[in-house]
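First up is the structure itself, then whatever we jot down about it.
Values in this document were obtained by computation on a predicted structure and should not be read as measured data. Scope of the values below: all heavy atoms of this structure, side chains included, with no hydrogens, waters or symmetry mates.
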There are 2 protein chains.
Amino acid sequence: MREFLKQNIKKHISLSDNETDQFCNLFHQKLIKKKSFLLQQGEICKFEGFVTKGLFRVYYNDKNGFDQILYFAAENWWITDIDSFTNASPSQLFIQALEDSVVLLISKDDKEFAYKNLPQIEKLFRVMTQKTHVALQRRMINNLSKPAEERYMEFIEKYPQLTQRLSNIQIAAYLGITNVFLSNIRKKIAHK
Amino acid sequence: MREFLKQNIKKHISLSDNETDQFCNLFHQKLIKKKSFLLQQGEICKFEGFVTKGLFRVYYNDKNGFDQILYFAAENWWITDIDSFTNASPSQLFIQALEDSVVLLISKDDKEFAYKNLPQIEKLFRVMTQKTHVALQRRMINNLSKPAEERYMEFIEKYPQLTQRLSNIQIAAYLGITNVFLSNIRKKIAHK
DNA sequence: CAAATACATTAAACTATTTTAATAAATGAT
DNA sequence: ATCATTTATTAAAATAGTTTAATGTATTTG
């Protein structure tokens, strides 16, 4: 369903229907089964994606085997490893479906084509990257200045629907704590 | 000295001399004395800046009075609170000179003017924002997956010149630890 | 140059978070 | 339906990092 993609684009910039169509036609749909990977550590990320159904986690697996989740992407979210994609360097990240999912993917060549031929697309990605960056900056401040309990409370408040769809293991990996410690936090909160 | 700015731009995109000049002429120079502020919490950030001399810290002061440094900006680095600047919202951040400094500033209106009249500027900021975002993403992974000692070692390795110019208090605030704990780490390292 | 302020180090007590391990409940696969 | 795997919880011991406070040294500032 490219409709969701079109709506999403128009949330960021104003774009003629014609240009919108041209751009959206560069995307190809792909189905990803639960637990399979859209990207694995060491691969070069060759796509930028838009989730139309399902849920992904984008994470880093450190040398102790510990997963650190950078972000989740459910319906209407974009996913890529922007580092690997833009620099054509081996990715440090995994992108895995946590549910049976559907994404619309655009290749690097087609994106370059869009930059050249659809002038507004440059603005679209400038604006989107800015927003993503602001979000990450806010999260960075949060992570560094607030204790885990507060971060957990804010997470379930901010993403109630996502909380339902995620295991506590995943939420802990996003918050940067162990699932054991998250369990303690939950117990403490429940007693209030 | 707009020369540094021009060189910096050409590191990101290719731009005609004419366009480069037009864009660079939109910047105004400002001198900032050591310890004074380019931006304070609560203000709306009305500029995007390029440091030609000196050193700044961009930081968040949390409710416990603890400083959390988002990044440093020395010569040839850009500074702004992109959140406050793009959304015209009150900033959560302080930007303070740690040395007597000089910056080139562009206002929001002039930047909008550039977006409209100098088509390549849209690309410039898309590319720069992408790079900034990649850097922050890498730092996020680092922060969450490595202990403070390792992060400190990597910091002094990656920014040896900056290390010389910064107090350990500032470095600790960047690493997200107390200066007391940094002192312990340094002692431990010295004994090796 | 003297006084005041900022900086770096150390120690001791404290708190947040991890690690390991065991158990029970929920979910998934054959 | 059954067996295996994943998930959530709990407890106990260990570790990373904070807090407070004291001390000496370096750096500013009047």
Side-chain angles (χ1 to χ4, degrees), chain A residues 33-36 54-55 57 59 61-69 72 96-101 142-156 162-192, chain B residues 33-36 54-55 57 59 61-69 72 96-101 142-156 162-192:
Chain A
K33 277 260 172 62
K34 181 171 178 172
K35 289 189 185 171
S36 29
L55 175 59
R57 60 172 180 153
Y59 68 101
N61 184 275
D62 73 23
K63 51 178 182 266
N64 309 319
F66 197 82
D67 288 345
Q68 180 55 56
I69 294 181
F72 299 108
Q96 186 186 34
L98 295 173
E99 303 172 356
D100 290 345
S101 302
N142 246 304
N143 262 310
L144 292 164
S145 66
K146 290 178 186 164
E149 181 175 337
E150 213 169 321
R151 271 147 50 211
Y152 175 63
M153 294 293 279
E154 287 177 8
F155 182 87
I156 59 179
L162 220 48
T163 304
Q164 299 310 314
R165 293 162 79 177
L166 291 167
S167 72
N168 289 335
I169 292 176
Q170 306 303 338
I171 295 174
Y174 178 86
L175 296 174
I177 58 178
T178 61
N179 56 335
V180 175
F181 188 51
L182 177 55
S183 211
N184 289 337
I185 289 174
R186 287 162 51 78
K187 187 182 174 185
K188 202 175 148 196
I189 289 170
H191 281 307
K192 287 182 181 171
Chain B
K33 278 258 170 64
K34 180 171 178 173
K35 289 190 187 170
S36 29
L55 175 58
R57 61 171 179 152
Y59 69 100
N61 183 275
D62 72 22
K63 51 178 181 264
N64 309 318
F66 198 81
D67 288 346
Q68 180 55 58
I69 294 180
F72 299 108
Q96 186 187 34
L98 295 173
E99 303 172 358
D100 290 345
S101 303
N142 247 303
N143 262 308
L144 291 163
S145 65
K146 290 177 185 164
E149 181 174 337
E150 212 169 322
R151 270 146 51 210
Y152 175 64
M153 296 292 279
E154 288 176 9
F155 181 87
I156 59 179
L162 221 46
T163 304
Q164 300 310 314
R165 293 162 80 177
L166 290 167
S167 71
N168 289 334
I169 292 177
Q170 305 305 338
I171 296 175
Y174 178 85
L175 296 174
I177 59 178
T178 61
N179 56 334
V180 175
F181 188 51
L182 177 55
S183 211
N184 289 337
I185 289 174
R186 285 161 53 78
K187 186 182 175 185
K188 202 175 148 197
I189 289 171
H191 281 306
K192 283 182 183 169

Checklist line | Separation of D:dT18 P from B:Q68 CD (nearest whole Å) | finding: 10 Å
Checklist line | Least distance between heavy atoms, B:I189 atom then B:M153 atom | finding: CD1-SD, 3.3 Å
Checklist line | Value in whole Å for how far the P atom of C:dA8 lies from NZ of B:K187 | finding: 17 Å
Notebook entry, point to check: Which heavy-atom pair separates A:D67 from A:N61 by the least distance, and what is that distance?
Noted result: OD1-ND2, 2.7 Å
Note to self: Under a plain distance cut-off of 3.5 Å, with no hydrogens placed, do B:N142 and B:R151 share a side-chain donor-acceptor pair?
What the structure shows: no
Next item on the list: Scan residues 169-181 of chain B against DNA chain D and write down, sorted by residue number, each residue with any heavy atom closer than 4.0 Å; if none is found, say none.
Entry: B:G176, B:I177, B:T178, B:V180, B:F181
Note to self: Output the rounded distance in Å from CG (B:N168) to C1' (C:dA6).
What the structure shows: 13 Å
Check: What is the minimum heavy-atom distance between B:F66 and B:I177, and which atoms define it?
Finding: CZ-O, 4.0 Å
Next item on the list: Quickly work out the B:I185 CD1 to C:dA8 C1' distance and round it to whole Å.
Entry: 14 Å
Next item on the list: Tell me which of B:P147 and B:K35 sits closer to the 5' end of DNA chain D, going by the nucleotide each one is nearest to.
Entry: B:P147
Margin query: What contact category does B:S183 fall into here, base, sugar-phosphate, or nothing, at under 4.0 angstrom with non-hydrogen atoms?
Written below: base
Checklist line | A:R186 side-chain proximity, nearest of D:dA8, C:dC7, C:dT10 | finding: D:dA8
Item checked: Modelled atom types, side-chain donor and acceptor of B:Y174 and B:R57, under 3.5 Å -> no
Next item on the list: Could you work out which one of C:dT17, D:dT9, C:dA8 sits closest to the side chain of A:A148?
Entry: C:dT17
Next item on the list: Provide, to the nearest angstrom, the distance between the OH atom belonging to A:Y152 and the P atom belonging to C:dA16.
Entry: 19 Å
Item checked: d(NZ, A:K146; C1', D:dG17) in whole Å -> 21 Å
Next item on the list: Starting from C1' on D:dT27, measure out to CZ on B:R165 and report it in whole angstrom.
Entry: 18 Å
Notebook entry, point to check: Are the side chains of A:F72 and A:Q170 in touch, meaning some heavy atoms are under 4.5 Å apart?
Noted result: yes
Check: Between A:K33 and A:A97, what is the shortest heavy-atom contact and its length?
Finding: O-CB, 3.6 Å
Next item on the list: Take atom CG of A:N184 and atom C1' of D:dT10, then tell me their distance rounded to the nearest Å.
Entry: 8 Å
